[in-house]
Amino acid sequence: MRTSGDRNMDTSNRDASPANRVIVRYRLRFLDRRAPAWVGVIGVASILAIWQMASSFGFVSEADLPGPASIFQAAVSMVQNGSLLLNVEASLIRIVAGYFIGAISGILIGLWFGFSRITERVGMPIANALYPIPKLAIIPLLILWIGAGEMPKILVVAAEVFFPVLFNTYSGVRNTDPLLIRAAASFGAQPLTLIRQVILPASLPTIFAGLRIGAGLSLLVLVAAEMIGAQHGIGAMILTYSSLMQTPNLMVGVILLSILGLAITRGLGQIERWLLPWKE
Amino acid sequence: MRLIMESVNKTYRDKRGQETHVLQDIDLSVEKDEFLAIVGPSGCGKSTLLGMVAGLVPLTSGSISFALEDGQSPHAPRIGVVFQEHALFPWRTVQRNVEYGLEVQRIGKRERTERARTLIDMVGLSGFEQRYPHQLSGGMRQRVGIARALAIEPDLLLMDEPLSALDAQVRQLLQEELLRIWEQHRQKTLYVTHNIAEAVAMADRIVVLSRRPGRIRAVLTVEIPRAERSLPDRQTQVAEYQRQIWDLIRSDAEQALYEDVRG
Ligand SMILES: Nc1ncnc2c1ncn2[C@@H]1O[C@H](COP(=O)(O)OP(=O)(O)O)[C@@H](O)[C@H]1O
Ligand SMILES: [Mg+2]
């Protein structure tokens with residue numbers, strides 16, 4: 001059905017010449033950052049190609065920055081003689097063990113701080129005082145206490161992960177929407193159920209933010225600890241090859257760290273998507 | 001079970017020891033199958049009263065109890081609360097939100113699923129079982145809240161301004177829906193609102209509260225059958241009830257407007 005308003009609109013449109021029309025344009029196109037998926041692959045491939053050419057033609061000396069081809073060769077030979085696997089395994093065990101110990105104790109103690117006023121009063125000042133100590137500084141102390149070996153390295157990673165997880169868990173618990181707690185209580189939920197069914201899920205996003213921060217820090221402190229004193233591990237490997245002036249092998253180590261970091265972030269992201277499907 | 005409130009008083013004391021007397025000498029009962037509305041200007045203590053009945057706010061003095069009927073064995077009364085801001089668990093789907101109260105009661109999975117389905121169907125949300133609250137509109141969320149409260153087959157249904165956060169059109173529709181659902185369940189209900197028209201449209205009895213300290217100013221019985229309250233030839237009568245209540249709270253509401261109080 002047409003109204004008279006529609007008709008008026010039509011005539012005015014017909015009368016209007018393009019010259020005296022102002023078209024409304026979409027103003028935010030520059031924010032619609034669209035690009036096909038293959039652009040990424042092509043981009044990375046071209047950068048590798050340029051890099052390779054730079055070293056092949058001698059613009060950059062192989063000793064300073066080896067090209068992708070020689071890095072790849074180095075990696076292949078390290079896989080073949082087994083040293084790569086040995087070092088990656090050593091690092092993986094330390095980071096996984098340390099991360100788990102740090103994350104789980106951080107979550108548990110964070111929950112405890114969040115629920116108990118007394119624990120919070122006593123524990124928070126202690127946590128705040130320990131937090132700023134660079135964790136590497138406690139390695140000598142740990143060695144003194146438990147001797148050299150794997151444990152000090154694992155524990156130093158754990159200590160690094162512990163604090164961000166602790167603080168985030170605590171603030172997640174403290175900031176749980178009181179309305180949701182009331183809703184659960186109105187249905188007769190007992191304290192323990194309420195913690196499990198409401199406070200924990202409500203704190204999960206904040207806890208995960210802590211886990212992410214911890215993941216980055218754990219890699220950092222792991223490599224440093226391995227450089228300070230370890231026979232095997234990616235950090236130790238990088239240090240050895242650097243003193244041998246074997247730059248391609250050294251680069252393999254650096255790239256491994258990047259891959260490891262990416263894998264951890266991806267893994268956490270995946271777990272987060274599983275556990276928090278309700279987040280936008 | 002009748003709900004009985006006897007000389008209930010509530011005083012909030014803040015950190016500096018400042019006292020606010022919010023409710024004074026509330027004597028009230030909600031009978032079987034009764035829809036009781038509480039109206040009053042914002043800040044008069046309606047939410048506080050409801051919270052005390054739900055066991056979420058401690059009383060300062062007085063008592064709130066349920067009277068057993070003859071031959072009824074004592075059990076903890078089940079109370080279903082519908083909150084103004086829906087209060088759904090964002091990490092639970094519609095289905096699991098509605099099941100929540102049943103889970104707390106340790107009812108088996110099969111029965112839980114079934115009862116939740118029935119309720120979801122009744123509030124018109126079939127097909128949305130697997131959605132999360134953030135994927136729903138305001139009106140839909142509130143329906144889920146209503147279904148969640150009804151799923152436990154409560155002895156008493158408490159609603160704290162369940163329609164106030166919605167826009168006018170959705171509010172009107174949901175009000176009609178709420179009445180339809182209520183007619184099916186006929187559950188003893190305590191309904192809190194600042195909206196006079198809402199109270200007159202829905203309630204059997206209306207308690208008018210005065211401003212701080214909140215006291216019962218009047219109790220009105222709405223004599224028009226619920227089904228006829230929307231009929232054209234009943235409108236003068238409906239308007240008369242509304243005017244009567246408005247006259248009772250007008251001066252209080254005006255004062256509330258000029259004072260800084262929490263809603
Ligand atoms: N937790 C609280 N602590 C202190 N004062 C409160 C608290 N909750 C409510 N009040 C005060 O009690 C009065 C009644 O609040 P409320 O029950 O929310 O009123 P209504 O729901 O009728 O708007 C208000 O003046 C409010 O400021
Ligand atoms: Mg209120």
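The sequence lines fix the lettering, A, B, ..., with proteins before strands; numbering per chain opens at 1.
B:L56 touches chain A through backbone and side chain together, each having a heavy atom under 4.5 Å away. The part of B:V57 that comes within reach of chain A is its side chain, from C-beta onward, which places non-hydrogen atoms under 4.5 angstrom from that chain. With a 4.5 Å cut-off on non-hydrogen atoms, B:R148 touches chain A through its backbone and its side chain both. Residue contact with chain B, scored on non-hydrogen atoms closer than 4.5 Å, is absent for A:T193. No part of B:L102 comes within reach of chain A, as not one of its non-hydrogen atoms sits under 4.5 angstrom from that chain. Proximity to chain B is absent for every atom of A:Q190, based on heavy atoms less than 4.5 angstrom apart. For B:Q135, no part lies under 4.5 angstrom from a heavy atom of chain A.
The local environment of CD in B:Q18 is sparse, with at most 12 non-hydrogen atoms from other residues, nucleotides or ligands closer than 6.0 Å. Within a 6.0 Å sphere centred on CH2 of A:W112, heavy atoms belonging to other residues, nucleotides or ligands number 12 at most. Within 6.0 Å of CD on B:Q169 lie no more than 12 heavy atoms contributed by other residues, nucleotides or ligands.
In this structure, A:Q197 and B:Y100 have side chains that are in contact, with non-hydrogen atoms separated by less than 4.5 Å. The shortest distance between side-chain heavy atoms of B:Q84 and A:L179 does not fall below 4.5 Å. Side-chain contact between A:P201 and B:F89 is absent, with no heavy atoms from C-beta onward closer than 4.5 Å. The shortest distance between side-chain heavy atoms of A:K279 and B:H134 does not fall below 4.5 Å. For the pair B:P90/A:D177, no side-chain contact is recorded, criterion being any heavy-atom separation below 4.5 Å from C-beta on.
Options B:G55, B:A87, B:G101 differ in how many heavy-atom pairs under 4.5 Å they form with chain A, and the most are formed by B:A87.
Between the side chain of B:W91 and the backbone N or O of A:L204 there is no donor-acceptor pair closer than 3.5 Å.
Residue B:Y132 comes nearest to A:P277 through the heavy atom pair OH-CG, 3.1 Å, listed as atom of the first residue, atom of the second, then distance. Among all heavy-atom pairs drawn from A:L180 and B:L88, the shortest one is CD2-O, 3.2 Å.
Here the OG-CD1 distance, from A:S186 to B:I152, works out to 7.0 Å after rounding to the nearest 0.5 Å.
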